[in-house]
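Shown next, in structure tokens, is the structure this report addresses.
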Amino acid sequence: MKRRVTKAVFPVAGLGTRFLPATKSIPKEIMTLVDRPLIQYAIDEARAAGIKEFIFVTSRGKGALEDYFDHAPELETSLRKKGKKDLLATLKNTNMDSGAIAYIRQHKALGLGHAVWCARRLIGNEPFAVILPDDVIAAEKPCLQQMVEAYSETGGCMVAAMEVPPEKASAYGVLDVKEDMGSMVSVRGMVEKPSIDEAPSNLAVIGRYILTPQVLKNLNQIKQGAGGEIQLTDAIAQEIEADREVYGYRFRGQRFDCGSKAGYLQATVAFGLAREELRDELASYLDEMKAVRKAAQ
Ligand code: G1P
């Protein structure tokens, strides 16, 4: 089945414990890279790929996400009165058309597969995308757009993939490659968080997926997998067992793991350096830091 992908699921129910205490009162998806929250990067990428309906799977304490994508009449009026057109323009991408965004609660933290399954009624019988906002990808052509273009040729299920150092593979879903076609691989199997010995390769799944509605049906029966959680990887792997195609897509771009502190800081520096108004000041500070470190050694 090859069809246009117009719906995307954003699993944002996680507690974000790695960023406590900050995430005690703000959702981790609201944490900012320069001046845009992580979730904004995910939404912008989805829009660029042609997504029209945005489905958030949330949990308690995520109200700030709903406010973020709502209109802010007082703020907007005040900016308009002061003639602050630039600032008004920055708010434009945070607004959603009425009905374009939906929020569903995942009542229990049972895993990524379960979170996606919570959106099944809104997705219905069409292919859909999943974006994990922790994985921020800087790319000339946004990653999901690259995938949607590739998917229009292949159909099936597709996951973003990237080579990681072999000792890191056990932090990911890992692909067992059937045929390597360069930017695309066809997949023979997928394992969630394998031990180093069991990892079939070092080609890891990164948080972008295009999935068939059959994956949601598979999730109806999936048992707890790695970490005692309902794993999306296992539901996709079932497609392979049923002889349906699953592809890994080696995207062009730089991925930052913003679920980790080091990755988040790296992303902050990279996106800071990408901004014209910050570049010079930040770059000369980084040079200074290098010199200080050298001197201290
Ligand atoms: C999730 C997926 C995993 C994937 C990873 C990418 O894991 O379960 O297959 O490789 O995202 O970031 P998590 O990082 O939520 O443990």
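Residues: numbered from 1 along the sequence shown. In listed order, ligands and their atoms are each counted from 1. Quick caveat: nothing in here was measured; it's all calculated off a predicted structure.
- Using a cutoff of 4.0 Å between basic side-chain nitrogens and carboxylate oxygens, Asp134 and Lys28 are scored as salt-bridged.
- The side-chain contact (heavy atoms from CB on, under 4.5 Å) test with Ile55 singles out one residue from Val116, Ile101, Leu122, and that residue is Leu122.
- Residues Leu232 and Val215 have side chains in contact (heavy-atom distance under 4.5 Å, counting atoms from C-beta outward).
- Of the protein's non-hydrogen atoms, the one nearest atom 12 (O) of ligand 1 is Asp135 OD2, 2.8 Å.
- Each of Gln145, Arg208, Gln40 was checked for a side-chain contact (heavy atoms from CB on, under 4.5 Å) with Glu45, and the lone residue meeting it is Arg208.
- With ligand atoms numbered from 1 in the order given, ligand 1 contributes 9 (O) to contacts under 4.0 Å with heavy atoms of Thr233.
- Annotation: Glu192 places an N or O atom under 3.5 Å from an N or O atom of ligand 1; distance criterion only.
- Listed by atom number, the atoms of ligand 1 under 4.0 Å from Gly173 heavy atoms are 3 (C), 4 (C), 9 (O), 10 (O).
- Checked against the 6.0 Å centroid criterion, the rings of Phe54 and Phe69 do not qualify as a close aromatic pair.
- Distance from atom 5 (C) of ligand 1 to its nearest protein heavy atom, with residue and atom name: Val205 O, 4.0 Å.
- Electrostatic pairing of Glu163 and Arg250 counts as a salt bridge here, judged by a charged N lying under 4.0 Å from a carboxylate O.
- Relative ring orientation between Phe10 and Phe56 is described as tilted, the plane-to-plane angle lying within the 30° to 60° band.
- Distance check for atom 14 (O) of ligand 1: every protein heavy atom is found at 4.0 Å or beyond.
- The distance from ligand 1 to the heavy atoms of Arg255 drops below 4.0 Å at these ligand atoms: 12 (O).
- Of all protein heavy atoms, the one closest to atom 16 (O) of ligand 1 is Lys193 NZ, 2.7 Å.
- For atom 1 (C) of ligand 1, the closest non-hydrogen atom of the protein is Leu132 CD1, 4.0 Å.
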